[in-house]
Amino acid sequence: MTILKSMTRRALMGIAGAAMMTSMMPAASFAQDVTIPIIVKDTTSFYWQIVLAGARQAGKDLGVSVPELGAQSESDINGQISILENAVAGSPAAVVISPTEFKALGKPIDEAAKSVPIIGIDSGADSQAFTSFLTTDNVQGGRIAADGLAAAIKAVTGKEEGEVAIITSLPGVGSLDQRREGFLDQMKTKYPGITVVVDRFADGQATTGLNMMTDLITANPNIVGVFASNLIMAQGVGQAIAENKLGDKIKVIGFDSDEKTVGFLKEGVLAGLVVQDPYRMGYDGVKTALAVSKGEKVETFVDTGANLVTQANMAEPKMDALLNPKVN
(Lines give C-alpha, C1' and ligand atoms only; values in the text may rest on other atoms or scores of the structure.)
Protein backbone atom coordinates (compact mmCIF):
# COMPACT_ATOMS: atom_id res chain seq x y z
CA MET A 1 0.00 0.00 0.00
CA THR A 2 2.84 2.36 0.86
CA ILE A 3 4.52 1.55 -2.46
CA LEU A 4 1.22 2.17 -4.29
CA LYS A 5 0.73 5.54 -2.57
CA SER A 6 4.30 6.52 -3.41
CA MET A 7 3.78 5.57 -7.08
CA THR A 8 0.49 7.43 -7.15
CA ARG A 9 2.10 10.56 -5.74
CA ARG A 10 4.90 10.34 -8.33
CA ALA A 11 2.37 9.83 -11.14
CA LEU A 12 0.32 12.80 -9.99
CA MET A 13 3.43 14.95 -9.76
CA GLY A 14 4.37 13.88 -13.30
CA ILE A 15 0.90 14.73 -14.60
CA ALA A 16 0.98 18.08 -12.82
CA GLY A 17 4.40 18.81 -14.24
CA ALA A 18 3.24 17.92 -17.73
CA ALA A 19 0.18 20.09 -17.31
CA MET A 20 2.36 22.99 -16.19
CA MET A 21 4.64 22.55 -19.21
CA THR A 22 1.62 22.41 -21.52
CA SER A 23 0.20 25.61 -20.02
CA MET A 24 3.53 27.33 -20.61
CA MET A 25 3.95 26.16 -24.21
CA PRO A 26 1.42 28.38 -26.07
CA ALA A 27 3.21 31.59 -25.07
CA ALA A 28 6.58 30.11 -26.02
CA SER A 29 5.42 28.61 -29.30
CA PHE A 30 3.23 31.54 -30.40
CA ALA A 31 6.10 33.46 -31.96
CA GLN A 32 7.45 30.31 -33.59
CA ASP A 33 4.11 29.76 -35.30
CA VAL A 34 3.89 33.33 -36.63
CA THR A 35 4.77 33.66 -40.31
CA ILE A 36 5.34 37.06 -41.91
CA PRO A 37 6.45 36.82 -45.55
CA ILE A 38 8.36 39.74 -47.05
CA ILE A 39 7.99 40.29 -50.80
CA VAL A 40 10.57 42.50 -52.51
CA LYS A 41 10.79 43.66 -56.12
CA ASP A 42 13.93 41.77 -57.07
CA THR A 43 15.77 39.19 -54.96
CA THR A 44 18.96 39.49 -57.06
CA SER A 45 19.61 43.22 -56.47
CA PHE A 46 21.99 44.23 -53.68
CA TYR A 47 19.54 46.88 -52.48
CA TRP A 48 16.80 44.30 -51.96
CA GLN A 49 19.26 41.90 -50.39
CA ILE A 50 19.87 44.57 -47.74
CA VAL A 51 16.10 44.86 -47.21
CA LEU A 52 15.89 41.08 -46.82
CA ALA A 53 18.84 41.08 -44.40
CA GLY A 54 17.00 43.54 -42.17
CA ALA A 55 13.84 41.44 -42.32
CA ARG A 56 15.84 38.28 -41.59
CA GLN A 57 17.39 39.83 -38.50
CA ALA A 58 13.99 41.01 -37.30
CA GLY A 59 12.72 37.46 -37.65
CA LYS A 60 15.60 36.19 -35.50
CA ASP A 61 15.19 38.91 -32.88
CA LEU A 62 11.42 38.56 -32.67
CA GLY A 63 11.26 34.78 -33.05
CA VAL A 64 9.03 34.73 -36.12
CA SER A 65 9.32 32.98 -39.48
CA VAL A 66 10.06 35.40 -42.33
CA PRO A 67 9.93 33.77 -45.79
CA GLU A 68 11.98 35.88 -48.21
CA LEU A 69 10.09 36.21 -51.49
CA GLY A 70 10.35 38.17 -54.71
CA ALA A 71 10.74 38.01 -58.47
CA GLN A 72 14.03 37.91 -60.38
CA SER A 73 13.49 41.34 -61.92
CA GLU A 74 11.75 44.56 -60.94
CA SER A 75 9.94 44.46 -64.28
CA ASP A 76 8.23 41.11 -63.48
CA ILE A 77 4.96 42.62 -62.29
CA ASN A 78 2.81 39.54 -62.87
CA GLY A 79 5.38 37.44 -61.06
CA GLN A 80 5.08 39.59 -57.95
CA ILE A 81 1.29 39.49 -58.07
CA SER A 82 1.39 35.67 -58.14
CA ILE A 83 3.86 35.63 -55.24
CA LEU A 84 1.55 37.87 -53.21
CA GLU A 85 -1.49 35.69 -53.93
CA ASN A 86 0.39 32.52 -52.95
CA ALA A 87 1.72 34.11 -49.79
CA VAL A 88 -1.76 35.20 -48.67
CA ALA A 89 -3.12 31.71 -49.42
CA GLY A 90 -0.77 30.41 -46.72
CA SER A 91 -2.68 32.43 -44.07
CA PRO A 92 0.29 34.35 -42.62
CA ALA A 93 -0.03 36.74 -39.69
CA ALA A 94 0.71 39.66 -42.06
CA VAL A 95 2.58 40.40 -45.28
CA VAL A 96 5.32 42.96 -45.93
CA ILE A 97 5.61 44.03 -49.58
CA SER A 98 7.34 46.55 -51.81
CA PRO A 99 5.06 46.85 -54.88
CA THR A 100 6.79 46.69 -58.26
CA GLU A 101 4.32 48.95 -60.05
CA PHE A 102 1.91 51.51 -58.62
CA LYS A 103 -1.21 50.85 -60.70
CA ALA A 104 -0.87 47.12 -61.31
CA LEU A 105 -0.43 46.18 -57.64
CA GLY A 106 -3.33 48.29 -56.38
CA LYS A 107 -6.16 45.77 -56.75
CA PRO A 108 -4.07 42.72 -55.73
CA ILE A 109 -3.12 44.50 -52.52
CA ASP A 110 -6.74 45.51 -51.92
CA GLU A 111 -7.74 41.87 -52.30
CA ALA A 112 -4.91 40.57 -50.12
CA ALA A 113 -5.79 43.01 -47.34
CA LYS A 114 -9.23 41.40 -47.03
CA SER A 115 -7.46 38.36 -45.59
CA VAL A 116 -4.31 39.65 -43.85
CA PRO A 117 -2.77 42.98 -42.81
CA ILE A 118 -0.48 44.40 -45.50
CA ILE A 119 2.58 46.45 -44.58
CA GLY A 120 4.09 48.46 -47.44
CA ILE A 121 7.76 49.37 -47.73
CA ASP A 122 9.80 51.48 -50.16
CA SER A 123 7.26 51.94 -52.97
CA GLY A 124 3.55 52.66 -52.90
CA ALA A 125 0.61 51.20 -54.81
CA ASP A 126 -2.79 52.42 -55.94
CA SER A 127 -4.37 51.15 -52.74
CA GLN A 128 -5.61 52.49 -49.43
CA ALA A 129 -5.33 49.07 -47.81
CA PHE A 130 -1.86 49.34 -46.25
CA THR A 131 -2.06 49.11 -42.48
CA SER A 132 1.28 50.89 -42.33
CA PHE A 133 3.73 52.20 -44.92
CA LEU A 134 7.48 52.62 -44.35
CA THR A 135 9.46 54.43 -47.01
CA THR A 136 11.86 57.14 -47.96
CA ASP A 137 10.19 60.44 -48.79
CA ASN A 138 11.09 59.92 -52.43
CA VAL A 139 10.01 63.40 -53.53
CA GLN A 140 12.46 64.78 -50.99
CA GLY A 141 15.02 62.26 -52.22
CA GLY A 142 14.68 63.75 -55.70
CA ARG A 143 15.19 67.25 -54.27
CA ILE A 144 18.31 66.06 -52.43
CA ALA A 145 19.61 64.69 -55.74
CA ALA A 146 18.96 68.02 -57.46
CA ASP A 147 20.79 69.94 -54.74
CA GLY A 148 23.70 67.50 -54.92
CA LEU A 149 23.94 67.74 -58.70
CA ALA A 150 23.79 71.56 -58.66
CA ALA A 151 26.56 71.67 -56.04
CA ALA A 152 28.73 69.25 -58.05
CA ILE A 153 28.30 71.29 -61.22
CA LYS A 154 29.15 74.52 -59.39
CA ALA A 155 32.28 72.94 -57.89
CA VAL A 156 33.60 72.40 -61.45
CA THR A 157 32.24 75.36 -63.40
CA GLY A 158 31.81 77.93 -60.64
CA LYS A 159 28.15 78.34 -61.58
CA GLU A 160 24.86 76.50 -61.08
CA GLU A 161 24.25 76.43 -64.80
CA GLY A 162 24.14 73.99 -67.68
CA GLU A 163 22.21 71.21 -69.36
CA VAL A 164 21.39 68.06 -67.42
CA ALA A 165 19.57 64.77 -67.92
CA ILE A 166 17.48 62.42 -65.80
CA ILE A 167 17.28 58.68 -66.48
CA THR A 168 14.52 56.77 -64.69
CA SER A 169 14.79 53.00 -64.46
CA LEU A 170 11.15 52.13 -65.22
CA PRO A 171 7.94 54.09 -65.85
CA GLY A 172 4.99 53.73 -63.47
CA VAL A 173 6.99 52.81 -60.36
CA GLY A 174 5.75 54.92 -57.45
CA SER A 175 9.10 55.59 -55.78
CA LEU A 176 10.86 56.38 -59.07
CA ASP A 177 8.08 58.67 -60.29
CA GLN A 178 8.28 60.57 -57.00
CA ARG A 179 12.07 60.96 -57.22
CA ARG A 180 11.72 62.28 -60.73
CA GLU A 181 9.00 64.70 -59.61
CA GLY A 182 11.11 66.02 -56.73
CA PHE A 183 14.19 66.41 -58.93
CA LEU A 184 12.38 68.25 -61.72
CA ASP A 185 10.52 70.52 -59.31
CA GLN A 186 13.68 71.44 -57.40
CA MET A 187 15.58 72.23 -60.58
CA LYS A 188 12.74 74.37 -61.88
CA THR A 189 12.18 76.38 -58.70
CA LYS A 190 15.67 76.61 -57.19
CA TYR A 191 18.12 76.40 -60.08
CA PRO A 192 16.85 78.46 -63.04
CA GLY A 193 20.26 78.29 -64.69
CA ILE A 194 20.10 74.51 -64.98
CA THR A 195 17.95 73.06 -67.76
CA VAL A 196 16.73 69.47 -67.92
CA VAL A 197 17.12 68.75 -71.63
CA VAL A 198 16.79 64.95 -71.49
CA ASP A 199 14.16 63.05 -69.48
CA ARG A 200 14.15 59.35 -70.35
CA PHE A 201 12.80 56.04 -69.07
CA ALA A 202 14.72 52.78 -69.34
CA ASP A 203 13.63 49.16 -68.95
CA GLY A 204 15.14 48.28 -65.56
CA GLN A 205 18.39 46.92 -67.01
CA ALA A 206 21.86 48.32 -66.24
CA THR A 207 22.94 47.65 -69.83
CA THR A 208 20.17 49.93 -71.06
CA GLY A 209 21.38 52.66 -68.72
CA LEU A 210 24.89 52.20 -70.10
CA ASN A 211 23.67 52.44 -73.70
CA MET A 212 21.44 55.44 -72.98
CA MET A 213 24.31 57.32 -71.35
CA THR A 214 26.70 56.41 -74.15
CA ASP A 215 24.20 57.81 -76.68
CA LEU A 216 23.72 60.96 -74.58
CA ILE A 217 27.45 61.64 -74.57
CA THR A 218 27.42 61.66 -78.37
CA ALA A 219 24.07 63.36 -78.98
CA ASN A 220 24.28 65.96 -76.21
CA PRO A 221 27.89 67.17 -75.92
CA ASN A 222 26.85 70.05 -73.65
CA ILE A 223 25.49 67.80 -70.89
CA VAL A 224 27.15 68.65 -67.56
CA GLY A 225 25.09 66.50 -65.19
CA VAL A 226 22.87 63.43 -64.87
CA PHE A 227 20.51 62.08 -62.23
CA ALA A 228 20.29 58.28 -62.37
CA SER A 229 17.29 57.62 -60.18
CA ASN A 230 17.99 54.11 -58.88
CA LEU A 231 20.84 51.68 -58.27
CA ILE A 232 20.57 49.88 -61.61
CA MET A 233 20.66 53.10 -63.62
CA ALA A 234 23.53 54.44 -61.49
CA GLN A 235 25.49 51.29 -62.36
CA GLY A 236 24.86 51.68 -66.10
CA VAL A 237 25.38 55.43 -66.27
CA GLY A 238 28.47 55.19 -64.09
CA GLN A 239 29.93 52.53 -66.37
CA ALA A 240 29.48 54.80 -69.39
CA ILE A 241 31.13 57.71 -67.59
CA ALA A 242 34.03 55.48 -66.50
CA GLU A 243 34.59 54.02 -69.98
CA ASN A 244 34.67 57.49 -71.52
CA LYS A 245 36.71 59.03 -68.66
CA LEU A 246 34.20 61.88 -68.22
CA GLY A 247 33.95 62.02 -64.44
CA ASP A 248 35.49 65.50 -64.37
CA LYS A 249 33.19 66.86 -67.05
CA ILE A 250 29.80 65.18 -66.44
CA LYS A 251 28.64 65.03 -62.83
CA VAL A 252 26.33 62.15 -61.91
CA ILE A 253 24.16 61.69 -58.84
CA GLY A 254 22.90 58.14 -58.35
CA PHE A 255 20.35 56.67 -55.97
CA ASP A 256 21.15 53.77 -53.58
CA SER A 257 24.48 52.00 -53.39
CA ASP A 258 26.37 48.76 -53.84
CA GLU A 259 30.03 47.79 -54.15
CA LYS A 260 30.19 48.98 -57.77
CA THR A 261 28.62 52.41 -57.26
CA VAL A 262 30.58 53.02 -54.06
CA GLY A 263 33.71 52.23 -56.08
CA PHE A 264 32.59 54.74 -58.70
CA LEU A 265 32.08 57.32 -55.93
CA LYS A 266 35.58 56.75 -54.54
CA GLU A 267 37.07 57.10 -58.03
CA GLY A 268 35.15 60.29 -58.81
CA VAL A 269 33.11 58.66 -61.57
CA LEU A 270 29.97 59.52 -59.59
CA ALA A 271 29.66 62.82 -57.74
CA GLY A 272 27.22 61.51 -55.14
CA LEU A 273 24.72 58.88 -54.09
CA VAL A 274 21.38 59.51 -52.43
CA VAL A 275 21.29 56.66 -49.93
CA GLN A 276 18.21 55.28 -48.21
CA ASP A 277 18.08 52.93 -45.23
CA PRO A 278 16.86 49.65 -46.76
CA TYR A 279 17.99 47.58 -43.77
CA ARG A 280 15.68 49.59 -41.53
CA MET A 281 12.82 49.18 -44.00
CA GLY A 282 13.16 45.40 -43.85
CA TYR A 283 13.65 45.22 -40.09
CA ASP A 284 10.95 47.69 -39.10
CA GLY A 285 8.60 46.31 -41.75
CA VAL A 286 8.59 42.91 -40.05
CA LYS A 287 8.52 44.47 -36.59
CA THR A 288 5.48 46.56 -37.56
CA ALA A 289 3.77 43.56 -39.14
CA LEU A 290 4.16 41.56 -35.93
CA ALA A 291 2.75 44.42 -33.87
CA VAL A 292 -0.26 44.66 -36.20
CA SER A 293 -0.85 40.91 -35.98
CA LYS A 294 -1.08 41.30 -32.20
CA GLY A 295 -3.64 44.07 -32.51
CA GLU A 296 -1.24 46.81 -31.48
CA LYS A 297 -1.56 50.35 -32.85
CA VAL A 298 1.14 51.38 -35.34
CA GLU A 299 2.04 54.51 -37.31
CA THR A 300 0.32 54.64 -40.68
CA PHE A 301 3.35 56.32 -42.32
CA VAL A 302 7.03 56.18 -41.38
CA ASP A 303 9.75 58.16 -43.20
CA THR A 304 12.93 56.08 -43.07
CA GLY A 305 15.14 58.91 -44.35
CA ALA A 306 17.61 59.68 -47.17
CA ASN A 307 21.12 61.19 -47.21
CA LEU A 308 23.49 62.49 -49.88
CA VAL A 309 26.83 60.68 -49.72
CA THR A 310 29.85 62.25 -51.42
CA GLN A 311 33.61 61.70 -51.40
CA ALA A 312 33.80 64.36 -48.70
CA ASN A 313 31.51 62.65 -46.18
CA MET A 314 31.53 58.96 -47.11
CA ALA A 315 33.95 58.06 -44.29
CA GLU A 316 31.72 59.57 -41.59
CA PRO A 317 30.29 56.85 -39.27
CA LYS A 318 26.66 57.46 -40.24
CA MET A 319 27.37 57.41 -43.97
CA ASP A 320 29.75 54.47 -43.70
CA ALA A 321 27.05 52.45 -41.94
CA LEU A 322 24.59 53.21 -44.76
CA LEU A 323 27.14 52.30 -47.45
CA ASN A 324 28.28 49.12 -45.70
CA PRO A 325 25.20 47.48 -44.12
CA LYS A 326 25.32 44.00 -42.62
CA VAL A 327 23.77 41.58 -45.09
CA ASN A 328 24.44 38.26 -43.34
Side-chain angles (χ1 to χ4, degrees), residues 36-62 66-74 80 95-100 119-125 130 132-142 144-145 169-170 173-179 182 204 206 228-235 253-265 270 272-289 299 301-309 314 316-328:
I36 299 174
I38 180 167
I39 305 171
V40 297
K41 297 181 184 180
D42 172 8
T43 57
T44 67
S45 165
F46 183 68
Y47 176 84
W48 296 110
Q49 288 171 15
I50 299 171
V51 173
L52 293 176
R56 190 181 312 129
Q57 188 60 51
K60 292 176 182 177
D61 292 348
L62 302 171
V66 184
E68 301 173 14
L69 309 173
Q72 297 295 298
S73 168
E74 291 195 17
Q80 192 186 54
V95 171
V96 180
I97 185 171
S98 178
T100 53
I119 308 301
I121 59 170
D122 185 79
S123 295
F130 292 114
S132 182
F133 188 64
L134 299 86
T135 186
T136 303
D137 181 339
N138 282 291
V139 173
Q140 178 61 16
I144 291 171
S169 184
L170 287 164
V173 178
S175 58
L176 301 184
D177 288 347
Q178 290 163 3
R179 292 171 198 170
S229 72
N230 82 336
L231 176 61
I232 297 170
M233 289 303 104
Q235 291 171 346
I253 301 295
F255 214 103
D256 298 326
S257 66
D258 66 352
E259 185 176 357
K260 185 171 186 176
T261 54
V262 171
F264 282 154
L265 183 62
L270 300 180
L273 294 168
V274 180
V275 181
Q276 308 178 79
D277 194 344
Y279 189 93
R280 180 186 171 191
M281 285 187 204
Y283 191 101
D284 286 0
V286 171
K287 184 179 179 181
T288 301
E299 295 290 333
F301 180 84
V302 178
D303 180 3
T304 53
N307 296 271
L308 178 67
V309 183
M314 65 188 300
E316 295 176 5
K318 178 182 177 180
M319 302 305 181
D320 181 68
L322 291 172
L323 292 177
N324 300 286
K326 298 176 182 178
V327 294
N328 296 324

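What you see is a predicted model; the values in this text were computed from it and never measured.
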Flag side-chain contact, heavy atom, 4.5 Å: [X] against [Y]:
{"X": "T43", "Y": "Q49", "result": "no"}
{"X": "E68", "Y": "I39", "result": "no"}
{"X": "V302", "Y": "D284", "result": "no"}
{"X": "L273", "Y": "L308", "result": "no"}
{"X": "Q276", "Y": "T304", "result": "no"}
{"X": "I36", "Y": "V96", "result": "yes"}
{"X": "M319", "Y": "N324", "result": "no"}

Determine whether the side chains of Q80 and T100 contain a donor N or O and an acceptor N or O closer than 3.5 Å.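 There is such a pair between these side chains.
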
Say you draw a straight line from [atom1] of [X] to [atom2] of [Y]; how long is it, rounded to the nearest 0.5 Å?
{"X": "Q178", "Y": "T136", "atom1": "CD", "atom2": "OG1", "result": "10.0 Å"}
{"X": "S175", "Y": "I121", "atom1": "OG", "atom2": "CD1", "result": "11.0 Å"}
{"X": "R56", "Y": "Y279", "atom1": "CZ", "atom2": "OH", "result": "9.0 Å"}
{"X": "Q235", "Y": "L270", "atom1": "CD", "atom2": "CG", "result": "10.0 Å"}
{"X": "S257", "Y": "L265", "atom1": "OG", "atom2": "CG", "result": "9.0 Å"}
{"X": "M314", "Y": "D320", "atom1": "CE", "atom2": "CG", "result": "8.0 Å"}

Check against side chain to side chain contact (heavy atoms under 4.5 Å, CB included), V40 and L69: CA-CA 6 Å; V40 297; L69 309 173; over 6 Å; no

Derivation of the side chain to side chain contact (heavy atoms under 4.5 Å, CB included) call for E74 and V173: CA-CA 10 Å; E74 291 195 17; V173 178; 5.5 Å; no

By side chain to side chain contact (heavy atoms under 4.5 Å, CB included), which residues pair with D137, not counting sequence neighbours? V139, Q140, D303

Under the side chain to side chain contact (heavy atoms under 4.5 Å, CB included) test, which residues partner A55, sequence neighbours left out? I38, V66, V286

Between S45 (side chain only) and D42 (backbone N and O only), is there a donor and an acceptor less than 3.5 Å apart? no

Could you report the tightest heavy-atom contact between A125 and P99, atom names first, then the distance?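 Where A125 meets P99 most closely, the heavy atoms are CB-CG, 3.8 Å.
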
Could you tell me which non-hydrogen atom of L176 sits nearest to which non-hydrogen atom of S229, and how far apart they are?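 Heavy-atom minimum between the residues: CD2-O, 3.7 Å.
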
Residues two or more places apart in sequence or in another chain: which of them pass salt bridge (Lys or Arg N to Asp or Glu O under 4.0 Å) with K41? D122

Could you pull out all residues at least two apart from D256 that satisfy salt bridge (Lys or Arg N to Asp or Glu O under 4.0 Å)?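 Listed in chain order: nothing, the list is empty.
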
Can you list the residues that meet the ring-ring contact (aromatic ring centres under 6.0 Å, His included) rule with Y47, with sequence neighbours excluded?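 For Y47, no residue satisfies ring-ring contact (aromatic ring centres under 6.0 Å, His included) once neighbours in sequence are set aside.
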
For F130, enumerate each residue passing the ring-ring contact (aromatic ring centres under 6.0 Å, His included) test, keeping only those at least two apart in sequence or located in another chain.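 Once residues adjacent in sequence are excluded, the partners of F130 under the ring-ring contact (aromatic ring centres under 6.0 Å, His included) criterion are F133.
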
Sole residue of V274, V275, L231 in side chain to side chain contact (heavy atoms under 4.5 Å, CB included) with F255: V274

Does atom CD (E299) have a neighbourhood of more than 12 heavy atoms from anything else shown, all under 6.0 Å?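 Atom CD in E299 is not packed in, count stays at 12 or less.
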
Applying the side chain to side chain donor-acceptor pair (under 3.5 Å) test to Y283, which of D277, D61, T288 qualifies?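 Testing Y283 for a side chain to side chain donor-acceptor pair (under 3.5 Å) against D277, D61, T288 leaves exactly one candidate, D61.
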
